[in-house]
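All values below come from the heavy atoms of this structure, side chains included, with hydrogens, waters and symmetry mates left out. Order of the sequence lines fixes the chain letters, A, B, ..., with proteins taken first and strands second; residue numbering starts at 1 for each chain.
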Amino acid sequence: MQETASNEKQLNFLEEIIEQGLSEGKYEAIQTRFPPEPNGYLHIGHAKSICLNFGLAKKYGGKTNLRFDDTNPVKEDTEYVDAIQEDIKWLGFEWASIHYASDYFEQLYKWACVLIEKGLAYVDDQSLDEIRANRGTVTEPGKPSPWRDRSVEENLDLFERMKNGEFEDGSKVLRAKIDMAHPNMQFRDPIMYRILHANHHRTGTKWCIYPMYDYAHGQSDSIEHITHSICTLEFDIHRPLYDWFIEQLGIWPSHQYEFARLNINYTVMSKRKLLQLVKEGYVNGWDDPRMPTICGFRRRGYTPESIRNFCERIGVAKRDNVIDYSLLEFSLREHLNKVAQRRMAVLDPVKVVIDNYPEGQSEMLTAVNNPECEADGTREVPFGRELYIEREDFMEDAPKKYFRMTIGQEVRLRYAYFVTAQSVEKDAEGNITCIHCTYDPATRGGDAPDGRKVKGTIHWVSAQHAVDAEVRMFDRLFATEAPDEAPEGKTFLDNLNPNSLTVLQGCKLEPALASTAISTEENGVKAPVRYQFERMGYFCTDPDSSEGHLVFNRSCRFTLLFLPCSFSWQVKAFCPQVCLWTD
RNA sequence: UGUCCAAUGGUGUAAUGGUAGCACAUCUGACUCUGGAUCAGCCAGUCUAGGUUCGAGUCCUGGUUGGACAACCA
């Protein structure tokens, strides 16, 4: 109890700012916003921002708007608008209202005229290159534009004609008139408007001038009375400009606060790079289960809870950070362990024949659906003379600590019987094609009446009743911890993990899975159905499944198993780090 | 050689001038009809030099290191 009490006092820096403002009466309730640009799909870094913006408002009884920052028509598209809304909903958040920066174009235009009238903005005829050259560098001051001192009347006239489409793209811009020698580059007469004869996803061809981020964002916040405009660190240096526009316009004072963006090792978090992976076919779309996108994690089998818990756990601060991928997987396992029903599935099957089990006989055995949730009940699993077990669960020459099946060692078939391997059949190459066992009928259900114990329990599927499936095994998309750091002449693409996807065919599932739903609805969004395949990890249905052809994705494996000197398919293909460790 | 931001175990994050705590990772052990889960435990930290103070991770100054800013992107 005291623990929780003291934990509640441990606020992050944003909560402190909010609580202080609340107690000082700066605002009655907080208002936040999540402002994505609809130019790509949301990724786990956005999830952090979403959890912050929506979470903070929720915690303090405030509201959160969804606002599309759509001020650059050449990059934006309604496809992204729809996907973004779906992802936010799926994560379990609701916006108070939905807005578009483009809704404010008219107001923004009027305010620009106000600044011109105050002598704080001017139309610049310089070319892109001239503007760039005259901006100076971080250590040298810039040079004023020759057009900097045009009259208010001329500026007003020119700006209106810009709006009316009289000029070509790039021929003129509207600039704030601040200080070309300012040590903060953002203040060297920042561009407010550029001419873009482009079709906008919402306003069509109504406008041919579009506001820049710095001129649009703060004013949009102000219009919506956003009390806390929370953004990432790279905008820190923009804050003085954010404040400047609001102050000069004398409008409702929103304030900006910055936090450090999320980085996770073994992955990239830039929209540009994610787009490249999709466009150039390194992955199969934005929702490829290897992608760090929200829709990718959804298809991978992640739950909204697991992502929210992850975002809670990583905390928020102003220092750069790189989170271990393992923390994400921990959050997933933690949740799935509680909610995922268990099933038996043999991914790399080898045939087992129980020689003393009557031919042609089969029976039903009872298995627990989820030991963590009694309400999930039990199911019946068919058992017969011929079974499949994991190839990895049998070893001819086993070391002492190998508890699974080997000649003469009794093991338990989960929920079924104790069996003992007697002999094997092999093909010409020496591969095991069949294992012959004997079983003890007295151990039905998995316990011996005489109280004898076995060290190992393995999963199995009745050969006669097995359902075939395809299973996609994923490993990390990148082979290196910091994929962005590529040596001279290389790019992040050179850091891709060539073994990030392995497709297994002919996997054998217990028949209960034949009737599984392929998808379910979660927070109003279509999501996969998730299972734990006993001893193998967490898996979920993939939408590529069709009638008679089930496809499962591996969401994550369990924490690394102890695999003494075994060099099986599993180790080789999916646990390169284990190979090193057991070598 | 400018302006701004930041430095706490391997990785994150608390401690708000008063015992440096928590989580993940790693390792050990216990238990188990999943080598899962669970439980217990180990290892490990305040960038540096001064200053203020009875007392500094916290305040001040210098240094060091890392990051952001020179798109008509956001």
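- Across all strands shown, B:G29 forms a Watson-Crick or G-U wobble pair, both distances under 3.5 Å, with B:C39.
- Counting non-hydrogen atoms of other residues, nucleotides and ligands closer than 6.0 Å to CD of A:Glu312 gives a total of 12 or fewer.
- Rounded to whole angstrom, the span from the CZ atom of A:Phe330 across to the C1' atom of B:U26 amounts to 15 Å.
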Considering only nitrogen or oxygen atoms on both sides, find all protein atoms under 3.5 Å from nucleotides 56-63 of chain B and state each distance.
none

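- Look at OH on A:Tyr266: it is 14 Å from P on B:G12, rounded to the nearest Å.
- Within the nucleic acid shown, A:Arg313 comes within 4.0 Å of sugar-phosphate atoms alone, with no base atom in reach, counting heavy atoms only.
- Rounded to whole Å, atom P of B:A6 lies 15 Å from atom CZ of A:Phe259.
- Here the two rings, on A:Tyr100 and A:Phe68, have centers that are under 6.0 Å apart.
- The phosphate of B:G35 has OP1 or OP2 within less than 4.0 Å of a side-chain N or O from A:Arg535.
- As judged by a 4.0 angstrom heavy-atom cut-off over every strand, A:Val368 is placed among residues making no nucleic acid contact.
- Ring centroids of A:Tyr417 and A:Phe383 are separated by less than 6.0 Å, placing the two rings close together.
- A:His335 and A:Thr303 form a side-chain donor-acceptor contact under 3.5 Å, judged by distance and modelled atom types alone.
- A 3.5 Å limit on both hydrogen-bonding distances identifies B:G12 as the Watson-Crick or G-U partner of B:C22.
- In this structure, A:Pro371 reaches the bases: a heavy-atom distance under 4.0 Å links it to at least one base atom across the strands shown.
- B:C47 and B:U8 have their P atoms separated by 6 Å, given to the nearest Å.
- Of the two residues near RNA chain B, A:Asn337 and A:Arg414, the one whose nearest nucleotide lies more 5' is A:Arg414.
- Judged by distance alone, the side chain of A:Asp70 and the main-chain N or O of A:Ala101 form a donor-acceptor pair under 3.5 Å.
- Here the P atom of nucleotide B:G12 and the OH atom of A:Tyr325 are 17 Å apart, to the nearest Å.
- For the C1' atom pair drawn from B:U32 and B:U38, the interatomic distance equals 9 Å after rounding to whole Å.
- Base pairing of B:C59 is made with B:G51, judged by Watson-Crick or G-U wobble geometry with both donor-acceptor distances under 3.5 Å.
- A:Phe403 comes within 4.0 angstrom of a base, heavy atoms only.
- Relative ring orientation between A:Tyr193 and A:Tyr109 is described as perpendicular, the plane-to-plane angle rising above 60° on a 0-90° scale split at 30° and 60°.
- Within the 3.5 Å criterion, the main-chain N or O of A:Arg148 finds no donor-acceptor partner in the side chain of A:Asp124.
- A:Glu372 comes within contact range of at least one nucleobase, with a heavy-atom separation under 4.0 Å.
- When the C1' atom is used for both B:G10 and B:C5, the distance is 25 Å, rounded to whole Å.
- For the C1' atoms, the distance from B:C69 to B:A74 is 14 Å, rounded to whole Å.
- For A:Phe105 and A:His200, the gap between ring centers is short of 6.0 Å.
- Each of B:A14, B:C24, B:U34 was ranked by its minimum atom distance to the side chain of A:Leu327; first place goes to B:C24.
- Distance CD/A:Gln10 to CD/A:Glu15: 10.5 Å, rounded to 0.5 Å.
- Under the 6.0 Å cut-off for aromatic ring centres, A:Phe235 and A:Tyr213 qualify, their centroids lying closer than that.
- Between the P atoms of B:U58 and B:A70, the separation comes to 34 Å (whole Å).
- Map A:Gly315 and A:Ser326 each onto its nearest nucleotide of RNA chain B; the residue landing nearer the 5' end is A:Gly315.
- Taking OH from A:Tyr215 and CE from A:Met192, the interatomic distance works out to 4.5 Å, rounded to the nearest 0.5 Å.
- Side chain to side chain, A:Arg188 and A:Gln186 fail the donor-acceptor criterion of an N or O pair below 3.5 Å.
- Under 4.0 angstrom from either OP1 or OP2 of B:C24 there lies no side-chain N or O belonging to A:Arg333.
- A straight line from OH of A:Tyr257 to P of B:C5 spans 15 Å, rounded to a whole angstrom.
- Here the P atom of nucleotide B:C24 and the CD atom of A:Glu312 are 14 Å apart, to the nearest Å.
- Separating the P atom of B:G57 from that of B:G18 is a span of 11 Å, rounded to the nearest Å.
- Of the nucleotides present, B:G67 is the one that pairs with B:C4 by Watson-Crick or G-U wobble criteria, both distances under 3.5 Å.
- Across the protein-nucleic acid pair, A:Glu334 atom CD and B:A25 atom P stand 10 Å apart, rounded to whole Å.
- A:Glu140 comes within 4.0 angstrom of no nucleic acid atom, judged by non-hydrogen atoms across all strands.
- In this model, a donor atom of one side chain and an acceptor atom of the other lie less than 3.5 Å apart for A:Tyr104 and A:Glu224.
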For nucleotides 41-46 of chain B, tabulate all protein N/O to nucleotide N/O atom pairs closer than 3.5 Å, reporting atom names and distance.
none

> Which nucleotides of nucleotides 64-74 of chain B have their base under 4.0 Å from a protein heavy atom (B), which only their sugar-phosphate (S), and which neither (-), written as one string 5' to 3'?
Replying inline: ---SBBBSBSB

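- Comparing the same atom, C1', in B:C59 and in B:U46 gives a spacing of 16 Å after rounding to whole Å.
- Whole-Å rounding puts the A:Ile323 CD1 to B:A23 P distance at 16 Å.
- In this structure, B:A23 shows a glycosidic angle more than 90 degrees from zero, which is the anti conformation.
- Side chains of A:Gln532 and A:Glu534: no donor on one and acceptor on the other come within 3.5 Å.
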